[in-house]
Peer 1: 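Below are the structure tokens for one structure; questions will follow.
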Amino acid sequence: MTAVSRAPGSLDDVARGPGLRLEDLVDRDALQEVCRSFFALFGIAVRIYSQDGALVADAVQDQPVCKYLQGLRDARAACGATVAGVKGADPGEAGEATHPCFTGAVYRIIGIDYDGRRLGRVIVGPFLPADLKEMPRSLLAIDASIDPSKARELLVKMPRVRSETVLRIGRHLQSVLDLILFSGHRALLTSHMHLASVKESYRQLQEQNEKLTQSYERLRELDRLKSNFLATVSHELRTPLTSILGYSEMLTEGIGGELQPEQREFIATIREKGEQLLGLIKSLLDQSKLESGTLAFKMTSVAIEEVLDQVGSTLLPAAVKKGVAFEIEVEKRLPTIRGDADRLRQVFLNLAENALKFTPRGGSVRLVAHADTSTSEPEDDVGYVLFAQRPAAVIVRVEDTGIGIPEGESARIFDAFYQVDGSSTREHGGAGLGLSIVKRLVEMHGGTIAVEPNRDPPRPVADRQGRRMPGTVFTVRIPLG
Ligand SMILES: Nc1ncnc2c1ncn2[C@@H]1O[C@H](COP(=O)(O)OP(=O)(O)O)[C@@H](O)[C@H]1O
Ligand SMILES: [Mg+2]
């Protein structure tokens, strides 16, 4: 992980860098505890300063003599100077120094070193050296108003310490601090290592996210290009095809002269295939318009019965030819719905075409329409038994007794270009666009479409092995709004 060692605030900086500070390494509470227990043991004040002079922890109690001197003007000034001197004193290379006070007391200054670097210092004192016998002259000389006997009486209350003891106390403090610093440093390293690895994971995640966003954008762009391409190509194909169909129609009608029966047959085939091609091109155009959201709707009041009758008259010849029974059943006084009549015809024509296509000779296709009152509320609390409920939707079922749709496929058949038998050798024609367009058109009317097997057909059909064909029912529900 090269990125870790290069990142700012990295392990290298923590381990060796110039920025290592006492405050970052140690727990202040631990230092405070050291000061407190030291004070409890020896009764001597102790203060810990960081290298830049900030007080980090202390345990102090003003000495009676200091308190007394603080109340006298000149002595107070001298006290201030001593304290400033102690704070500024440098323990030097040796790591230990002593700073005197005019009272004869002393302060011991001990450097806090870690890993060859000075991080701060400990100031121990004031205390009286054990070998101080007499009150020094310097104390009385500081201020004319000092009462010598009072000063002496108070001075002896200050703790007395022998010089070897001072040395031992210093060493003891140093080793305790060393331990605290070591464990602090270890904790700091661990937390930095953790932080660095979290940072690295975050960076990797961001990188992957970026890549994903890029591929998503690229796919969207491709999708847009595909839709544009579909729209352009379909449009360009439609113009010449219209001419081909127009001319073959003229030929059939004998406008170009009398035709031989064989010629008539060929031209009929040209027309039939041409119509098929036109249907396909129209589907492609619809698909691209639906994808780009540019399909225009003409909403009017639509009678479903008329729509289904038109579908019936379009498909009846083909049904008769194939030997499939074709029935339409519409409930009486079915309410009209708001919708685009042409688009609704397209929906049911597509579904009925599929039903016919996937149902063998001897089978049947039924278009059944009725009102749905299931979710409507009664008009008011009184008398709803007397009045019929207001229907909430119109339901159209397209039922067939054909090959059926395997259970796992019922969601995917609504995807564009998806066909259950996707092989190039498949029996039935089509591009797999019909249902994807149907679903979107239904949804644009605020409706839903569902598919299930035809469980209870009036005239079931058996396949070659004698098994009953499952059949299919598409149920379209369009709300009255
Ligand atoms: N009534 C049906 N019976 C059996 N399978 C059907 C029926 N309707 C649709 N399917 C399946 O759904 C697929 C997709 O239908 P559709 O989108 O209309 O495409 P296409 O008719 O061009 O194949 C069909 O290829 C077929 O596998
Ligand atoms: Mg179809």
Side-chain angles (χ1 to χ4, degrees), residues 230 234 272-273 275-291 295 308 311-312 314-315 318-319 322-328 343-368 395-444 447-464 467-476:
L230 273 183
S234 330
E272 190 194 320
K273 299 294 171 195
E275 295 285 358
Q276 253 181 34
L277 205 54
L278 190 62
L280 180 61
I281 290 168
K282 278 184 183 161
S283 299
L284 283 173
L285 261 178
D286 284 349
Q287 175 72 17
S288 66
K289 279 186 190 157
L290 279 167
E291 274 174 8
L295 193 75
L308 297 187
V311 171
T314 311
L315 288 186
K322 196 175 177 185
V324 170
F326 195 95
E327 293 163 24
I328 298 175
R343 294 301 173 189
L344 286 171
R345 180 152 22 86
Q346 192 180 353
V347 165
F348 298 112
L349 189 64
N350 257 301
L351 293 175
E353 260 175 357
N354 277 349
L356 195 58
K357 181 158 72 171
F358 296 106
T359 301
R361 178 171 293 279
S364 61
V365 171
R366 274 172 16 116
L367 309 184
V368 186
I395 289 182
V396 181
R397 289 162 57 88
V398 180
E399 311 173 354
D400 68 50
T401 55
I403 61 171
I405 296 170
E407 208 172 315
E409 304 276 358
S410 14
R412 300 200 61 190
I413 51 168
F414 294 104
D415 290 349
F417 302 105
Y418 187 81
Q419 298 177 307
V420 173
D421 176 7
S423 65
S424 56
T425 55
R426 69 175 182 278
E427 198 179 324
H428 309 284
L433 276 176
L435 287 182
S436 131
I437 293 173
V438 162
K439 183 162 192 269
R440 294 216 207 190
L441 290 179
V442 169
E443 282 167 356
M444 289 178 110
T448 54
I449 182 164
V451 62
E452 59 188 335
N454 193 355
R455 284 179 236 286
D456 190 21
R459 292 178 298 277
V461 190
D463 62 13
R464 288 196 196 99
R467 281 183 302 230
R468 180 168 93 73
M469 283 202 172
T472 304
V473 178
F474 280 92
T475 307
V476 175

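Sequential numbering from 1 along the given sequence is applied to the chain's residues. Note that ligands are numbered from 1 as they come in the structure, with each ligand's atoms numbered from 1 the same way. Please read these numbers as outputs of a predicted model, since none were measured by experiment.
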Peer 1: Under 4.0 Å from ligand 1, counting heavy atoms only, is it the side chain of L351, its backbone, both or neither?
Peer 2: neither

Peer 1: Can a non-hydrogen atom of E353 be found less than 4.0 Å from any atom of ligand 1?
Peer 2: no

Peer 1: Could you list the atoms of ligand 1 found under 4.0 angstrom from a heavy atom of I405?
Peer 2: 4 (C), 5 (N), 6 (C), 7 (C), 10 (N)

Peer 1: State whether the shortest distance between N or O atoms of F358 and N or O atoms of ligand 1 falls below 3.5 angstrom.
Peer 2: no

Peer 1: Going from CD on Q287 to CG on L295, what distance comes out if it is rounded to the nearest 0.5 angstrom?
Peer 2: 10.5 Å

Peer 1: Regarding ligand 1, does I413 bring an N or O atom to under 3.5 Å of one of the ligand's N or O atoms?
Peer 2: no

Peer 1: Which residue in the set N354, V347, L349 passes side chain to side chain contact (heavy atoms under 4.5 Å, CB included) when paired with V438?
Peer 2: V347

Peer 1: Mind checking whether G432 has a heavy atom under 4.0 Å from ligand 1?
Peer 2: yes

Peer 1: Of the backbone atoms (N, CA, C, O) and the side-chain heavy atoms from C-beta on, which set of F474 has a member under 4.0 Å from an atom of ligand 1: side chain, backbone, both, or neither?
Peer 2: side chain

Peer 1: May I ask you to decide if S364's main-chain N or O and T401's side chain share a donor-acceptor pair within less than 3.5 Å?
Peer 2: yes

Peer 1: Show the atoms of ligand 1 that are less than 4.0 angstrom away from any heavy atom in Y418.
Peer 2: 13 (C), 14 (C)

Peer 1: How long is the gap from CZ on F474 to CZ on F414, to the nearest 0.5 Å?
Peer 2: 5.0 Å

Peer 1: Looking only at N/O atoms, are Q419 and ligand 1 under 3.5 Å apart anywhere?
Peer 2: yes

Peer 1: Residue-level breakdown please: for T472 versus ligand 1, do any non-hydrogen atoms fall below 4.0 Å on the side chain, on the backbone, on both, or on neither?
Peer 2: side chain

Peer 1: With M469, which of P360, P460, P457 fulfils side chain to side chain contact (heavy atoms under 4.5 Å, CB included)?
Peer 2: P360

Peer 1: Look only at the side chain of S283 and the backbone of G279, and say whether a donor-acceptor pair between them is shorter than 3.5 Å.
Peer 2: yes

Peer 1: Checking N454 side chain against E399 main chain: does a donor-acceptor pair fall under 3.5 Å?
Peer 2: no

Peer 1: Just let me know how K357 lines up against ligand 1, side chain, backbone, both or neither, with a heavy-atom cut-off below 4.0 Å.
Peer 2: side chain

Peer 1: Looking at the Mg ion (ligand 2), is there an N, O or S atom belonging to N354 that lies under 2.8 Å away from it?
Peer 2: yes

Peer 1: Within ligand 1, which atoms have a heavy atom of A355 less than 4.0 Å away?
Peer 2: 1 (N)

Peer 1: Between L280, N354, N454, I403, flag the one that comes closest to atom 8 (N) of ligand 1 by a heavy atom.
Peer 2: N354

Peer 1: Verify, without hydrogens or angle tests, whether K282 (side chain) and S234 (backbone) share a donor-acceptor contact under 3.5 angstrom.
Peer 2: no

Peer 1: Can any side-chain N or O of K439 pair as donor or acceptor with the backbone N or O of A450 at less than 3.5 Å?
Peer 2: no

